[in-house]
Amino acid sequence: MLEKKYNFKDVEKKWQDYWYENDIYKFDKENSKKRYTIDTPPPTVNGKIHMGHLSSYIHIEVIARHHRMKGENVYFPFGFDDNGLPTERYVEKKINKKAYMMPRETFVNICLEETKKLEDEFFDLYKRAGFSCNLKEHYSSIAPRTQKISQQSFIDLYNKGLVYHAEAPTLWCTECQTACAQSELDSASIESTFNYLKFFISGTNEYITVATTRPEMLCGVVCVFINPNDEKNQHLLSKKLVVPYFGYEVPVLADELVDMEKGSGVVMCCTFGDTVDKEWQRKHKLPIKKCFTDNGRMTSLAGEFEGFKIIEARKAVIEKLKEKDLLIKQDVITHEVSTHERCGTPIEISVKNQWFIDVLSHKDELYQAGLDLNWYPKTMRARYLNWVENLSWNWCISRQRYFGVPFPIWYCKKCGKVKLANIEDLPVDPLKEQPKTPCECGCTEFIGESDVMDTWATSSLTPQISTDLCTNKGFDDEMVPMNLRPNAHDNIRVWDFYTITKSLYHFKKLPWTDLMISGYVLSSDGSKLAKSKNNSSNSPQNIIDNYSADVTRYWASNLTLGKDTNFSLVEFDNGKKLINKIWNASKFVLSFLENYTPKQVELEMMDKWILEKYKSLYQKFTKALDKYEIALALNELEKFFWNFCDNYIEIVKRRLYNPDIYGERQCESAKYACYYVLLGILKMFSPVLPHITEEIFMDSFAKNEGQKSIHVSGYLNIGEDIDESIIKMGDAVVDCVSQVRQFKSLNKLSLKTFIKDIVVSSKYTNFFKAVEPDVKGVCSVNEIKYVDSDNFNVEIGEVISEEN
RNA sequence: GGGAGUUUAGCUCAGUUGGCUAGAGCAUCUGCCUUACAAGCAGAGGGUCAUAGGUUCGAGUCCUAUAACUCUCACCA
């Protein structure tokens, strides 16, 4: 028997423990059933989880449970992305010290401790949300077995010539003091000044106007460009110009990229002030002049400004230019500047020795991969394609940081050649170990690479890393391609792109077949949620405490895939109502089904009707979920469920209560339909509401059905052929009942009020006659008359009394 | 500047490949304590589907343009 009230706090905890202890969701790799494999996103361990993350994971969860209920063998692994810059910054902030202030090993150990603490919190939250992933064994992107896979990937790319080491212009963060990748850029709107400067033509008193937002880089000017079609400035090509204030001379060159409309139509080129400078440096083989150091201070090139921070230098130079009358005018402008996503510092371009994975020469293949994958929703494909089209930097994977997977390489002290580690020795730390064999040149002394790999260089291998947990096959894996990669849309250009890249490069195949892209959950005012912002009242922990895991899952399941949503508590109240209704309806129906075992009887028409409608719902529901349309599936199910409660149960309850009046068989027929429809509905609700459905199932169905959990019991499919005519006729009966109810409502009568007679005009007289006892009962009508007609109509007779 | 999305009831949103009178929840109003549920039930009111054209027997849905908002990429001299 079910309790009178549903107590989610006790019930949810009870089943979470039960599932965990009994390995209900364990993946059985020996099983020959159809597999469904999920490349679960490992959360970045750099702060607290917010409702956005949680909702995205709930989508994955529902899909995993759906496939499990379809009878598939679901591989739903779990892991953490717990190394790299995001984690380092989290730890630096927490301990209020910078990594470079201590020995590398000390910092790495603190990182390991701090991530462990956060991971325990994450783990607890996932359990409390009712997640059916494998919580017992999870991967970590810094664990030795992961490092091994990551290092092997590097060696494979090296051997294939797809990764190279070069001194090249690199996106550089002066705050984090590391190189970064194009995908790590954000943009910020910054107020700045556009400064019009006098560049004197060498040996004359004539000057030409050049506009720049970065006067501090005047010390690094290598040339001045004009457009080859710029007639009025053609004469400059043979001349030299004097760089204002700094006084040295630079040549004038022509290039089509110069926009004649912008500024003065003449532009100075530094190496490097922005991305166009990078192009020009390569094309015109310009010298490289470093104006600032790794930590963002001016170099000796800046003369008296050496040691100034970039922004300070800019101000100081402008003052000097004013003093010397070299500044013609200043326009205040607001422009978009690329910044580092982790710290918001404007990105500089610097020349450094870095490791790059070549992506620019494989754009076509990468683009094609986007076309070959199934994107849900479809529009997300465009974001990927757009990103690939706009790629302008190769993927820089080296970071001048500390807590990351090391490169498995050394440089020969004598000849400088790269020495790779042996695959069987992985993982290696080149700072602690030495190669086992000498260099080709005979030298036995090596310098280990001190850079570490970017975290994406590793997490782009999650298909290999996660399946390795189950197969122990490491880098090579038979379970790839996986079925599903789920993530939010911000990760398309990052994690998805990199994973596709690696999979194509290593194995010439796609890493998965489907992508399910979730939207963002925004604050109620439309601003972004962030892990770093801690708005606690809406923290996942509090929401689950207040509303239950099932209600939280209901909320997330109602979000449209791929679409951003402002957070609101309204859906939570709807979820609460649904839970309450499921509980009450089940309790009521089951009160008639104690010790009942279903047996086939001749069915009453309204019982056939609800079963046919169930079949129709079942098809719509599974079809929608197969296409990752969680909200649509849930919607159909809710509509059916409410109809089941408010119409079907109301219609049959008299038969259930009074077999003596309505007949023994008629009562058995209602029990049969109630048993299977309720069971079927609970199974369909189970992916979204795993706790309450388990509670009811285990209380009342498990024994009959011979199952240890609803979640591995499979959906209830009672047939493919749907009798549409019964559905239509039964719907007409409901329509008739509605009209009688409407009549009573409009006349402010109680629904109990008896009506002397009604006249039903319809095409379905025989059907109405067959269900006459049901209709009479639910409508409190004493007599029904019938008229054959194409037009449906219900005429309502005299009101008798409130009691009879 | 390129690309994508959104615009439907007071609010939050559904609306499949064009097809009967455009749906749901919340809110509002009216009734009803009906042998599961008042955290419930039965009803009612509320919409020029952003705007303007077009295709069609028929358009919320398809096409063109416009507007507003959002996201994304790029520009950043």
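Hydrogens, waters and symmetry mates are skipped; everything else that's a heavy atom, side chains included, is used.
Classified by interplanar angle (parallel below 30°, tilted 30° to 60°, perpendicular above 60°), the ring pair A:Trp555/A:Phe572 is parallel. By the 30° and 60° cut-offs, the orientation of the rings of A:Phe640 relative to A:Phe644 is parallel.
Across the P atoms, B:rG23 and B:rU48 are found 15 Å apart, a figure rounded to whole Å. The same atom, P, is picked in B:rA22 and in B:rG47; the two are 12 Å apart, to the nearest Å. Comparing the C1' positions of B:rG10 and B:rG45 gives an interatomic distance of 13 Å, to the nearest angstrom. To the nearest whole angstrom, the two P atoms, one in B:rU12 and one in B:rG19, are 26 Å apart. Rounded to whole Å, the C1' atom of B:rU16 lies 16 Å from the corresponding atom of B:rA59. Distance check on atom C1': B:rC49 versus B:rA24 gives 16 Å, rounded to whole Å. Atom name C1', nucleotides B:rC13 and B:rG60: the rounded distance is 15 Å, in whole Å. Rounded to a whole angstrom, the distance from the P atom of B:rU34 to that of B:rA39 is 15 Å.
Nearer the 5' end of RNA chain B, as judged by each residue's closest nucleotide, is the contact made by A:Lys5, out of A:Lys5 and A:Ser745.
For the pair A:Lys278 NZ and B:rA77 P, the interatomic distance rounds to 17 Å; values are reported in whole Å. One can place CH2 of A:Trp642 at 11 Å from P of B:rA42, the figure rounded to the nearest angstrom.
Within 4.0 Å of A:Lys576, counting heavy atoms only, lies no atom of the nucleic acid at all. Using a 4.0 Å heavy-atom criterion, one finds that A:Asp259 contacts the bases of the nucleic acid, with or without backbone contacts as well. Within the 4.0 angstrom heavy-atom criterion, only backbone atoms of the sugar-phosphate kind lie near A:Ser738; the bases stay farther away. Within 4.0 Å of A:Val276, counting heavy atoms only, lie sugar-phosphate atoms of the nucleic acid but no base atom. At the heavy-atom level, A:Phe194 lies under 4.0 Å from the strands shown only through sugar-phosphate atoms. Among the atoms of the strands shown, none is found under 4.0 Å from any heavy atom of A:Val210. Within 4.0 Å (heavy atoms only), A:Gln182 reaches sugar-phosphate atoms of the nucleic acid but no base atom.
In this structure the side chain of A:Tyr764 reaches within 4.5 angstrom of the side chain of A:Lys728, judged on heavy atoms. For the pair A:Tyr628/A:Val62, no side-chain contact is recorded, criterion being any heavy-atom separation below 4.5 Å from C-beta on.
When the shell of 6.0 Å around NZ of A:Lys623 is examined, it contains 12 or fewer heavy atoms from other residues, nucleotides or ligands.
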Please tabulate the protein-to-nucleotide N/O contacts below 3.5 Å involving nucleotides 10-20 of chain B, giving atom names and distances.
from	atom 1	to	atom 2	distance (Å)
B:rA14	OP1	A:Thr560	OG1	2.8
B:rA14	OP1	A:Lys563	NZ	3.0
B:rA14	OP2	A:Lys563	NZ	3.4

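Side-chain to base pairing of A:Asn386 with B:rG2: one donor and one acceptor N or O lie within less than 3.5 Å of each other.
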Canonical and wobble pairing (Watson-Crick, G-U, under 3.5 Å) of RNA chain B, dot-bracket with |: (((((((..((((.....[...)))).(((((.......))))).....(((((..]....))))))))))))....
Trace of the side-chain hydrogen bond (donor to acceptor under 3.5 Å, both in side chains) decision for A:Ser518 with A:His59: CA-CA 8 Å; A:Ser518 305; A:His59 295 157; 3.2 Å; yes
Trace of the side-chain contact (heavy atoms from CB on, under 4.5 Å) decision for A:Glu389 with A:Tyr367: CA-CA 8 Å; A:Glu389 277 176 334; A:Tyr367 189 90; 3.8 Å; yes
